[in-house]
Amino acid sequence: MKTCFLCLFFLYNISFCIILLAPSNVCRSKMAMEVTQVLLNAQSIDGTVRKHAEESLKQFQEQNLPIFLLSLSAELANEEKPVDSRKLAGLIIKNALDAKEQHRKFELIQSWLQLDGGFKSQMKNYLIQTLTSPVADARSTASQVVAKIAGIELPQKQWPELIGLLLSNIHQLPPHSKQATLETLGYLCEEVSHDVVDQEHVNKILTAVVQGMSSSENNVEVRLAASRALYNAIGFAQANFSNDMERDYIMRVICEATLSPEVKIRQAAFECLVSISSSYYEKLSAYIPDIFNITAKAVREDEEVVALQAIEFWSSICDEEIDILEDYGGEFSGDSDIPCFYFIKQALPALVPMLLETLLKQEEDQDLDEGAWNIAMAGGTCLGLVARTVGDDIVPLIMPFIEGNLSKPDWRQREAATYAFGSILEGPSPEKLVETVNAGLHYMLNALTNDPNSHVKDTTAWTLGRIFEFVHGSAVDTPIITPANCQQIITVLLQSMKDAPNVAEKACGALYFLAQGYEDVVSSSPLTPFFQEVVQSLLAVTHREDSGESRLRIAAYETLNEIVRCSAEETTPMVLQLAPVIMNELHHTLEAQKLSSDQREKQNELQGLLCGCLQVIIQKLTSSEPTKYVFMQYVDQIMGLFLRVFVNRNATVHEEAMLAIGALAYASGPDFAKYMPEFYKYLEMGLQNFDEYQVCAVTVGVVGDICRALEDKILPYCDGIMTHLLKNLSSNQMHRSVKPPTFSCFGDIALAIGQNFEKYFIYAMPMLQTAAELCNHTSGADDELIEYTNLLRNGILEAYSGIFQGFKNSPKVQLLVSYVPSILQFLDVMYMEKDMDEVVMKTAIGVIGDLADTLGNHAGSLIQHSLSCKDLLDECISSEDPLLKESAEWAKLAITRAISV
């Protein structure tokens, strides 16, 4: 069967080329029929037939990509073909152009760009032709494929005629073709960056889309496609939203669409408003009153899918104002990018009652597991954002609702009151809340124990967690937890951990935050008398048969970890007793045989949780010498368990085990060397794990831990480690998040092996220089890119710091001198960009000090002449952060010493 299919495609490859040159109706018909059959077979319910067809398609794609894609395009465009074969043909083309993994996506883009222009032109003609198909599925698939190609080609200045082609006849097209064209424009705006399309084409796209949305357009599908297209085109409309008339027109059409008789159009229109609220917040003042009326009507009267988007508009406004207020601290000047218009504060008297109404719309059978979403949950979430936006101002508006509903016989009212209270706990000052919290705590504990409704118990446990997270532990005159109520709180929470999984999971969360409130307590904690009982109860939860529901087992282990981490010194003997218990649990998971795939998945999750628990125990017990000495008796056994874990190839387990080994290496110090011969192969596996990049990133971090533990004893393994690190940095397949810790690891290795790093120096330094140049151009970058850039900068700076410290007092130190100007230039540009975070600033100060301390007068004068270094040092010396100030003073002293030499 397989051979037959491969032969078919081999013949087809040859025949298709002949067809292109000398068309024959008989030949065309025969070959088209064969391709169709393979596509249909690939969807067969017969597993054998399906597998053979899939393998044949894969072989065809690998052997002759141009013909493969062209034949599928012809299939998609052929109106005589079955819908199923056409849809699959389009889907395969789309998957040949795009992938989620960045390295794979890059490969597919390069493959497409390298194809012959003639093949691509013929393909595009088929795809554009399909946009006029009477078959909706074929049109929709073609729309997505056209957009994928546009996403590749338009940035390369290819297919420049596409947008004009799509727009040229849109008003003369029949409704189904107009709908497909608008859908294509929407997908195109999603795929292509706004700076790729010139303003003339942007104007034409927006005109076509907004006209397609208008009430004068009678076809519902066209209006819906236009509404969805506008959502994707919002980011292209900066110039249009800066023009009052154009903005008014766009907003009018969108607001009209929110009143459409069609639910999907109303939903899409509100989605557009949500997008506008985050993209053009500063342009909304004139429209807010009307938008409030529209959203309030939708929330109170419309279908849930529409009401959810109406609530999301106000959540989005909250997000914008929270960001602005955090950035500028409420102080706006002419230099502020966007002022805060306080839309939420102005709308508060009407907005809060509207949101409180939604809390009463719970569903009797609503899913209490994580991920459930309805109008009541959306309203509570928005209420929480409102509280964060306006702070204390929300408290007097919400308390009458809470007080009026807490004791009502209807469970919905009791649950809504509790949910409202829990929602607003982040935002107002603890001083504003503490009296109310103290007054309501007894009620909450009683409800968690005695309320007959599971929804009320679930929300009550969640609210207690919020109280402990945001109010307990705050510097307030009247503490939430006292000797008088601590016993009752612990008793109620432990009892609730025996309740239904959703309630028990929230009770674990409350206990987690309760423990966290005492993390700074060193000698004795109010929780110490209950430590043993709490630990035993949490372990009992992990053994519940229903612990897989509602994340219960995960929550129990996370809480156990926090209880151990935040425990006071006097609990150390009990933590020591816990170690062999967790080790034994891990041992049992490793002994299990003949598990089903579902059982294996659960076992993997459990192993990961146990490794994470052991990591916390290791860190806790090795933080002081007396307990560290006692704990070291377990190290051989624990390391043996971790090595057995690595035989299982599960990524989550590997990640947790690696982190635990990092803690073990740090605790063991030079003695960890005895485990390296056996452990090294798993370290290499982690460094080469491109697919599970989180595992790779964690492994890189563990290399740093091992370097600090072993110091120069790491030397025998450095050739292999550095080879993998350099390879990872050079590969397009490696996820970008692995790069910052990899650079930092260079510094760890250099610090550990000193001048022996010379053999890697000629490879590492150019890579650091190149990376430094690439990450110093952040103008116009979004927040995500700036955050990543700072991670990368910090990794580079940590590498420099480690290398300079490693070479200090070595004859090889002269190797560093030629790199000083480029490092100072890196620091200069970085400082001038004005987007360094505090972590990068601290590391940069350290590098300046290391330069002076290591190279003396070779670097001192250069640093002194760097205006940015001087300004950065002065800025940090006047900082309120004592560590930053201390570091800057040390760096300045090192420079003074260097100059005076």
Side-chain angles (χ1 to χ4, degrees), residues 5 8-9 12 16 31-47 49-102 104-112 115 119-120 122-153 162 176-177 179-188 190-192 225 228-229 232:
F5 274 113
L8 183 158
F9 276 113
Y12 180 74
F16 199 94
M31 297 315 304
M33 182 178 67
E34 291 168 338
V35 169
T36 303
Q37 190 58 54
V38 176
L39 290 168
L40 293 175
N41 286 351
Q43 303 170 73
S44 170
I45 58 173
D46 185 326
V49 173
R50 187 174 64 251
K51 183 179 179 182
H52 283 311
E54 289 170 349
E55 289 176 353
S56 300
L57 288 168
K58 184 179 178 182
Q59 291 281 347
F60 187 12
Q61 182 175 1
E62 291 173 350
Q63 291 172 4
N64 198 329
L65 181 62
I67 298 295
F68 174 74
L69 293 175
L70 188 55
S71 63
L72 294 178
S73 303
E75 182 78 13
L76 177 60
N78 193 330
E79 298 298 339
E80 298 177 1
K81 296 300 179 182
V83 174
D84 287 343
S85 70
R86 296 175 73 183
K87 281 174 60 179
L88 181 58
L91 179 62
I92 293 171
I93 297 170
K94 186 160 76 79
N95 290 341
L97 298 170
D98 195 15
K100 290 182 180 179
E101 299 81 9
Q102 287 299 314
R104 179 62 181 155
K105 182 172 184 173
F106 178 80
E107 290 174 357
L108 294 176
I109 289 173
Q110 295 307 307
S111 295
W112 173 260
L115 290 180
F119 281 108
K120 289 196 286 189
Q122 183 67 19
M123 265 192 72
K124 293 171 188 175
N125 289 338
Y126 280 132
L127 293 168
I128 296 297
Q129 174 187 326
T130 310
L131 294 180
T132 63
S133 171
V135 179
D137 285 335
R139 294 196 307 271
S140 181
T141 306
S143 295
Q144 295 174 57
V145 176
V146 168
K148 291 293 180 188
I149 295 173
I152 297 172
E153 293 202 347
L162 171 63
H176 71 270
S177 299
Q179 176 264 335
T181 303
L182 288 167
E183 190 174 343
T184 306
L185 289 169
Y187 287 134
L188 185 149
E190 188 176 21
E191 293 290 335
V192 177
R228 290 173 173 169
N232 289 326

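For clarity, every value in this text was computed on a predicted model and none was experimentally measured.
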Is a side-chain N or O of Q43 found less than 3.5 angstrom from the main chain of L39, in a donor-acceptor match? yes
Rounded distance (nearest 0.5 Å) linking atom CG of L182 with atom CG of L188: 12.5 Å
CG-CD distance between L97 and E153, expressed to the nearest 0.5 angstrom: 9.5 Å
Return the minimal non-hydrogen interatomic distance between L108 and A96, and the atom names on each side. CD2-O, 3.5 Å
Just by distance, with hydrogens left out, do E183 and Q179 show a side-chain donor and acceptor under 3.5 Å apart? yes
Q61 side chain reached by L65 side chain, heavy atoms, under 4.5 Å: yes
Determine yes or no for a side-chain-to-main-chain donor-acceptor pair under 3.5 angstrom, with T132 supplying the side chain and Q129 the backbone. yes
Got a donor-acceptor contact below 3.5 angstrom from the S71 side chain to the I67 backbone? yes
May I have the step-by-step check of side-chain contact (heavy atoms from CB on, under 4.5 Å) for L88 and I92, ending in yes or no? CA-CA 6 Å; L88 181 58; I92 293 171; 3.8 Å; yes
Is any side-chain heavy atom of Y126 closer than 4.5 Å to one of M123? no
Heavy atoms, side chains only, cut-off 4.5 Å: are T130 and V145 in contact? no
Check: S143 side chain, A180 main-chain N or O, donor-acceptor pair, under 3.5 Å: yes
Identify the two heavy atoms, one from P134 and one from E79, that lie closest to each other, and give their separation to 0.1 Å. CD-OE1, 3.6 Å
Between CZ on residue R139 and CZ on residue R86, distance to nearest 0.5 Å: 10.0 Å
Considering residues, nucleotides and ligands other than E62, do more than 12 of their heavy atoms fall under 6.0 Å from its CD? yes
Looking at every non-hydrogen atom in both residues, tell me the closest pair between R50 and A42 and how far apart they are. CG-O, 3.2 Å
Can you tell me how far the CD1 atom of I93 sits from the CH2 atom of W112, to the nearest 0.5 Å? 8.5 Å
Please find the pair of heavy atoms, one from A89 and one from L72, that lie closest to each other, and give the distance. CB-O, 3.5 Å
What's the shortest heavy-atom distance between V192 and G151, and which atoms? CG2-CA, 3.9 Å
Working to the nearest 0.5 Å, report the span between NZ of K124 and CD1 of I128. 9.5 Å
Nearest-0.5 Å distance that lies between atom CG in N125 and atom CG in L70: 10.0 Å
Begin with the C-alpha distance, continue with both residues' side-chain angles, and end with the deciding distance and a verdict on side-chain contact (heavy atoms from CB on, under 4.5 Å) for E107 and R104. CA-CA 5 Å; E107 290 174 357; R104 179 62 181 155; 3.2 Å; yes
Between K105 and I109, is the side-chain contact (heavy atoms from CB on, under 4.5 Å) condition met? List the steps. CA-CA 6 Å; K105 182 172 184 173; I109 289 173; 4.1 Å; yes
Do L69 and L115 come close enough that some side-chain heavy atom pair is under 4.5 Å? yes
Kindly check if the number of other-residue, nucleotide or ligand heavy atoms within 6.0 Å of NZ (K120) is above 12? yes
